[in-house]
Chemist: 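Below is the structure I would like to discuss, written out as C-alpha cells.
Keep in mind that the numbers below use all heavy atoms, side chains included, and drop hydrogens, waters and symmetry copies. Residue numbers start at 1 and run along the sequence shown.
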Amino acid sequence: MTTLATLFSRTWIWSFIAAASVFLITILFTGGASTVGLAQAALTFGAFSVLVGLGQMLVITLGPGNIDLSVPANMTLAATVSLKVMNVENSMIVMGLLVAIGIGLLIGLGNYALIKLLRIPPIIATLSMSFIVQSTAIWTNRGLRIKPPSWLADFTTSSTAGVPNVAIVAFALSVIVWYVINRTVYGRSIAAIGQSIRAARMAGIPIDGTRLVTYLLCAVLASLCGYLLASFSGGAALNMGTEYLLMSIAVVVIGGTAVAGGNSNVPGIWGASLFMFLVVSMLNTYGFGAGIRLILTGLIIIAVIMLPTTRSAGKT
C-alpha cells in the first residue's frame, strides 16, 4: 500500500492514467476492432510530441519566462533544407541528419543571442526568431514538396517487434535526456537556475553557459523532430510544425513539469503525449466537430492537471 501511495503521489502518473482511460473508452466504443492500430498510431504520433516536448521541458525548467516559440518554424526549416540536401538519395541520409542538427544549433544560438545580447525576454526573442526562420523556410521551399529517401521513409513508417521506429528513437532520446537531467552537473544546474537564479549564481553555477546549452538542445530536438516528421509524412510542408507549438507546451504542463521552473519530468512527457493524441482520437471517434473537440480537449486537460493538485492540497 505504501508503494502504491508513493506511486500515485507522483505527478506524472496521472498523465498515464488519463491516457489509459481514454484508450480503454475508445476501444470499448469501437468494440476492440482498432486496438493494435490505435496503439501504434498513439506511439507514432506521440513520439513526435515527445521530441519537441523534451526540448521545451528543458527550457521551461530554467524558470519563469523561459519558453521557445520558434519550435514550429525550426521544424519546418530543418525538414525543408535536409530533404533538399538529401535529394531523394539514400547515400545522403546521414548528411541530411547532420544538416538538420546544424540548423537546430544555429537557431538555438540565434535565440540565445537575442535573449542575452539584446536583453529581450525569451518569449519575444524566440517569437521574433520564428518569423525569421519561417520566412527562410518559405524562401527555401518555394512551393516544392521533395520526397525523402526511400530508406529513410521506410524506417520512419515501419516498426520493430511491433513498436514504431520513431517511438524507439524518441524513447532512446528520452532515456538520454533523463540521464542528463538526473545524473549530470548540467541537469542539476538547470534545476538550480529554475529554483533560484540568484542562489545558483552565488553557488558558482555558469548561468549563461547553462542557458545557452539548454536553448541549443531544445532547438536540436525540434530540428530532429522536423527531419523525422517530414520523412514519415512523405515531404516537408510549410505548416507542418504549427500544431507542435501549443503541443510542446501542453505535454510539458500535463506531464508534471513545474511551470515555475526548477523541476522537470521526462516520464510525464510520454504520458501527456499519448494522452493528447488519444483524446483527439476519442473525440473524433464520437463524431464531435472541431469546435467542440477543442473545448472538450481543453476541459479534459484542465481536469488532468487539477486532479493531482487537488489531491496534494487535501493532504496538507
Chemist: Assess the side chains of T126 and N111: does a donor N or O sit below 3.5 Å from an acceptor N or O?
Modeler: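 Result is no, nothing qualifies.
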Chemist: Might you work through the side chain to side chain contact (heavy atoms under 4.5 Å, CB included) test for L62 and I197, ending with a clear yes or no?
Modeler: CA-CA 9 Å; L62 285 174; I197 190 170; over 6 Å; no
Chemist: Compare every heavy atom of A237 with every heavy atom of T76, then report the nearest pair and how far apart it is.
Modeler: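 Looking at all heavy atoms of both residues, the closest pair is CG2-O, 3.7 Å.
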Chemist: Suppose we screen for side chain to side chain donor-acceptor pair (under 3.5 Å). Which residues come up paired with S82, at least two apart in sequence or across chains?
Modeler: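 Counting only residues at least two positions away or on another chain, S82 forms no side chain to side chain donor-acceptor pair (under 3.5 Å).
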Chemist: Quick one: closest heavy-atom pair of L69 and P72, and the distance?
Modeler: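 Minimum heavy-atom separation between L69 and P72: O-CD, 3.6 Å.
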Chemist: Could you tell me if the side chain of I101 sits less than 4.5 Å from the side chain of L224, heavy atoms only?
Modeler: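 They are not in contact (no side-chain heavy atoms under 4.5 Å apart), so the answer is no.
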Chemist: Is it the case that T214 and Y186 place a side-chain donor and acceptor less than 3.5 Å from each other?
Modeler: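 A pair is found: one side chain offers a donor N or O, the other an acceptor, under 3.5 Å apart.
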Chemist: Is there a donor-acceptor pair under 3.5 Å between the side chain of Q195 and the backbone N or O of G261?
Modeler: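 Looks like no, no N/O pair under 3.5 Å.
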Chemist: For N239, check side chain to side chain donor-acceptor pair (under 3.5 Å) against everything at least two apart and list the hits.
Modeler: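 Listed in chain order: nothing, the list is empty.
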Chemist: Can you name the residues that form a side chain to side chain donor-acceptor pair (under 3.5 Å) with Y215, not counting sequence neighbours?
Modeler: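 Y215 satisfies side chain to side chain donor-acceptor pair (under 3.5 Å) with N66 once adjacent residues are dropped.
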Chemist: Between V133 and S70, does the side chain to side chain contact (heavy atoms under 4.5 Å, CB included) criterion hold? Intermediate values first, please.
Modeler: CA-CA 8 Å; V133 174; S70 66; 5.6 Å; no
Chemist: So do the side chains of V175 and Y179 get within less than 4.5 Å of each other, counting heavy atoms only?
Modeler: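 No, too far: nothing below the 4.5 Å cut-off.
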Chemist: Please report the interatomic distance CG(L246) to OH(Y244), rounded to the nearest 0.5 Å.
Modeler: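 Spacing of CG (L246) from OH (Y244) equals 13.0 Å.
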Chemist: Mark yes or no for whether S196, through its side chain, and A192, through its backbone, hold a donor-acceptor pair below 3.5 Å.
Modeler: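 The answer is no, because no donor-acceptor pair under 3.5 Å joins these two groups.
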Chemist: Can you tell me if Q56 uses its side chain to pair, donor with acceptor, with the backbone of D68 under 3.5 Å?
Modeler: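 At least one qualifying donor-acceptor pair exists.
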Chemist: Do T61 and V252 come close enough that some side-chain heavy atom pair is under 4.5 Å?
Modeler: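 Not in contact.
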Chemist: Looking at I123, I'd like to know if its CD1 atom is crowded, meaning that more than 12 non-hydrogen atoms belonging to other residues, nucleotides or ligands lie closer than 6.0 Å.
Modeler: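 No, because the 6.0 Å sphere around CD1 of I123 holds 12 heavy atoms or fewer from other groups.
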Chemist: Look up atom CG in L54 and atom CG in L217, then write down how far apart they are to the nearest 0.5 Å.
Modeler: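 One gets 10.5 Å once the value is rounded to the nearest 0.5 Å.
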Chemist: Measuring from atom CG of L274 to atom CD1 of I269, what distance do you get when rounded to the nearest 0.5 angstrom?
Modeler: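 Going from CG on L274 over to CD1 on I269, the span is 11.5 Å.
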Chemist: Check whether any side-chain heavy atom of T140 sits under 4.5 Å from a side-chain heavy atom of L77, and report yes or no.
Modeler: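 Yes, their side chains come closer than 4.5 Å.
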Chemist: Run the side chain to side chain contact (heavy atoms under 4.5 Å, CB included) test on S223 and M75 for me, step by step, so that the C-alpha distance in whole Å, both residues' side-chain angles and the decisive distance to 0.1 Å come before the verdict.
Modeler: CA-CA 5 Å; S223 294; M75 292 173 60; over 6 Å; no
Chemist: Cluster question for you: counting only ILVMFWY and a side-chain heavy-atom cut-off of under 4.5 Å, with indirect links fine, are L106 and I103 together?
Modeler: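 Different clusters: L106 never reaches I103 through Ile, Leu, Val, Met, Phe, Trp or Tyr contacts under 4.5 Å.
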Chemist: Taking the side chain as every heavy atom from C-beta outward, state whether L278 and L38 have any atom pair closer than 4.5 Å.
Modeler: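 In contact.
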Chemist: Please check if the side chain of T156 supplies one atom and the backbone of A153 the other of a donor-acceptor pair under 3.5 Å.
Modeler: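 Such a contact is found between T156 side chain and A153 backbone.
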Chemist: Heavy atoms, side chains only, cut-off 4.5 Å: are V52 and L221 in contact?
Modeler: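 Contact flag for V52/L221 side chains = no.
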Chemist: Report the distance from atom CG of N74 to atom CD of Q134, rounding to the nearest 0.5 Å.
Modeler: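 Taking CG in N74 and CD in Q134, the distance rounds to 10.5 Å.
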Chemist: Give a yes-or-no answer on whether the side chains of T160 and N165 include a donor-acceptor pair shorter than 3.5 Å.
Modeler: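 Note: T160 and N165 side chains meet the donor-acceptor criterion.
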Chemist: Go through the structure and list residues passing salt bridge (charged side-chain N to carboxylate O under 4.0 Å, His left out) with K116, not counting sequence neighbours.
Modeler: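 If we apply the salt bridge (charged side-chain N to carboxylate O under 4.0 Å, His left out) test to K116, skipping adjacent residues, the hits are D208.
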Chemist: Report, one line per pair, each donor and acceptor closer than 3.5 Å where one atom sits in a side chain of residues 90-97; sequence neighbours left out.
Modeler:
from: N90; atom 1: OD1; to: S150; atom 2: N; distance (Å): 3.3
from: N90; atom 1: OD1; to: S150; atom 2: OG; distance (Å): 3.4
from: N90; atom 1: OD1; to: W151; atom 2: N; distance (Å): 3.0
from: N90; atom 1: ND2; to: S150; atom 2: OG; distance (Å): 3.2

Chemist: How about F23 and F16: are their ring centroids closer than 6.0 Å?
Modeler: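 For F23 and F16, the ring centres are not under 6.0 Å apart.
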Chemist: Any non-hydrogen side-chain atom of F45 less than 4.5 Å from a side-chain atom of F232?
Modeler: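 F45 reaches F232 side chain to side chain.
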Chemist: How many angstroms lie between atom CD1 of I190 and atom CD1 of I60, to the nearest 0.5 angstrom?
Modeler: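 One finds 11.5 Å between CD1 of I190 and CD1 of I60.
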Chemist: Is the shortest heavy-atom distance from the side chain of V88 to the side chain of P148 under 4.5 Å?
Modeler: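 Not touching, per the 4.5 Å side-chain cut-off.
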Chemist: Only counting residues at least two apart or in another chain, list the ones meeting side chain to side chain donor-acceptor pair (under 3.5 Å) with S49.
Modeler: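 Expected list: none.
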Chemist: Starting from the C-alpha separation in whole Å, work towards a yes-or-no answer on side chain to side chain contact (heavy atoms under 4.5 Å, CB included) for M57 and I181.
Modeler: CA-CA 11 Å; M57 176 194 69; I181 289 174; 3.4 Å; yes
